[in-house]
Number of protein chains: 2
Amino acid sequence: MTFSEENYLKSIYTLQKEHPKGVSTNVLSKYLDTKPASATEMIKKLDEKGLVHYQPYQGVILKDSGAVSALKVIRKHRLWETFLANKLDFSWDEIHDVAEQLEHIKSDKLIRELDKFLGYPKHDPHGDPIPDEAGNIAKLEKKRVSQLQPGDTGTCIGVNDTSSSFLQFLDQQNIRLGSVLEIVNIQEFDKSMTVRIDDRELLLSQIATEHIYVRI
Amino acid sequence: MTFSEENYLKSIYTLQKEHPKGVSTNVLSKYLDTKPASATEMIKKLDEKGLVHYQPYQGVILKDSGAVSALKVIRKHRLWETFLANKLDFSWDEIHDVAEQLEHIKSDKLIRELDKFLGYPKHDPHGDPIPDEAGNIAKLEKKRVSQLQPGDTGTCIGVNDTSSSFLQFLDQQNIRLGSVLEIVNIQEFDKSMTVRIDDRELLLSQIATEHIYVRI
DNA sequence: TATATTTTTTAGGTTTGCCTAAACTTTAAT
DNA sequence: ATTAAAGTTTAGGCAAACCTAAAAAATATA
């Protein structure tokens, strides 16, 4: 399987969630930053290989074999992201591009050993679940803080805004990966929230609560 | 720079030691398992890019810029080999193929962080020196045990024969990476050697001494 | 419903890196 | 010195993955 085939499968897997009846060549090519004509070509090839189901003008969906292949690439991507963030000094926003390259390395032993070395992590640094060797994947239980109700708790797993001012703010407030937040209450008029972290209470603006992800 | 260009530069660098006046397309293509015509093509391209010096029928040599590029790839290869052997459970003979893939990952930060994570190693698991960021590389001081004289000492850095029977033999004799050997004497008639390891003396056949590498 | 717009596919082209076969140099041997 | 052998280059092709432009199909609008 070529790098390009792997990238298409992975993209179709991702886009299928929003387009369950079929991912169009338009959507796919936009996501991959290529042209629709290129997507058509590749989809035909993947169809001939039995990895996807394709009907002209109807978009594409993964067959089981295609989904398994996609999940193997996703597993590799997320394990490498975990390695970069946990073992090397990469920050959240730096890991993706390098993992895009590393995910294509072909070696079953490598990925088994890496998994072991990392302590068999269940989630990557963004809070996304890591599929197992067979391609089983846990449901994502990731929400924005803004989606929680008073009394709910969540573990901080990532952010949506990587501007240095926002990251600095989080740092000042001692909010980091793994911090446990509990919603104390919500102000009706501006949707700001009071949250408890490490036995301290602090107020987060609506903007802030929309940019922080937690695993529930 | 493409994977293929990197592989050609690395190969030319390696082959230049044995062919200092120029690496022929024949030698190069044999080493890379391609055809001479393909090597000619690639060499022309590298020449146009100013990375090598090429005269038809006279073979190819690296220019300084080409040597720097080659050494960057070699640096990555050797750091990854060190990672696989020291951090993951890869054996000597398994690391090469995976490192051949990993060496092409493009990220300066990745390789700097990896170097730091590994503790700035000077040699890879085969005992070969790891070039620094600028492309400076230490002279290789690697010899077969058979090349040593009585009184010489060396640190075991690798083997030439990865048959399980040989590796088992080394294991039984407690000879491993990092073991320090001292030559006690050499039998004239069969070139077998008595060596001291960890205050024990043991006899190695000529065959064995030719298959063990040491750094002196 | 007929037409206009958007989306998708087809057709033909490009680049990279490989190939084979034929032509050409160089080197070796008589 | 000539010829034979070996090595190298050129010429023409192929597959992968991309592209643009034109044709065809699907969808939206009047």
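Convention: sequence-line order gives letters A, B, ...; per-chain numbering from 1. Quick caveat: nothing in here was measured; it's all calculated off a predicted structure.
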Run the salt-bridge test on [X] and [Y] with the 4.0 Å N-O cut-off and return the result as yes or no.
| X | Y | answer |
| --- | --- | --- |
| K106(B) | E6(B) | yes |
| R75(A) | D132(A) | no |
| D89(B) | K116(A) | yes |
| K87(A) | E113(B) | no |

Could you give the [atom1]-to-[atom2] distance, from [X] to [N], as a whole number of Å?
| X | N | atom1 | atom2 | result |
| --- | --- | --- | --- | --- |
| H104(A) | dA17(D) | NE2 | C1' | 14 Å |
| K35(A) | dT14(C) | NZ | P | 18 Å |
| I43(B) | dG7(D) | CD1 | C1' | 13 Å |
| M42(B) | dC18(C) | CE | C1' | 10 Å |
| E5(A) | dA15(D) | CD | P | 15 Å |
| K30(A) | dT6(C) | NZ | P | 12 Å |
| D33(B) | dC19(C) | CG | C1' | 13 Å |

| message | Heavy-atom nearest nucleotide on DNA chain D for Q58(A) versus A37(B): which residue maps closer to 5'? | response |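 By nearest-heavy-atom nucleotide position, the 5'-most residue is A37(B).
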| query | For DNA chain D, whose closest nucleotide is more 5', that of Y57(A) or that of S38(A)? | reply |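 Result of the comparison: S38(A).
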Counting just side-chain N and O atoms, does [X] come under 4.0 Å of either OP1 or OP2 of [N]?
| X | N | value |
| --- | --- | --- |
| T40(A) | dT10(C) | no |
| T25(B) | dT8(D) | yes |
| S4(B) | dC18(C) | yes |

| field | Mutual orientation of the aromatic rings belonging to F3(B) and H104(B) [parallel < 30°, tilted 30-60°, perpendicular > 60°] | value | parallel
| field | Residue whose nearest DNA chain C nucleotide is more 5′ - K44(A) or E41(A) | value |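 Looking at DNA chain C, the more 5' nearest nucleotide goes with K44(A).
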| message | I need the residues from residues 45-56 of chain A with at least one non-hydrogen atom less than 4.0 Å from DNA chain D; give them sorted by number, or say none. | response | K45(A)
| said: Mind checking if Y8(B) touches a base, just sugar-phosphate, or nothing, with heavy atoms under 4.0 Å? | reply: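 The residue Y8(B) makes sugar-phosphate contact but no base contact.
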| Among dT9(D), dT8(C), dG17(C), the one nearest N26(A) by side-chain distance |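 Of all the options, the side chain of N26(A) is nearest to dT8(C).
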| task | Choose from dC19(C), dC18(D), dT8(D) the nucleotide whose nearest atom is closest to any side-chain atom of T34(A). | result |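 Looking only at side-chain atoms, T34(A) lies closest to dC18(D).
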| request: Please check if atom NZ in K10(A) has more than 12 non-hydrogen atoms from other residues, nucleotides or ligands closer than 6.0 Å. | output: yes
| Smallest separation among heavy atoms of D124(B) and H126(B), with atom names |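 So the minimum-distance heavy-atom pair works out to OD1-N, 2.7 Å.
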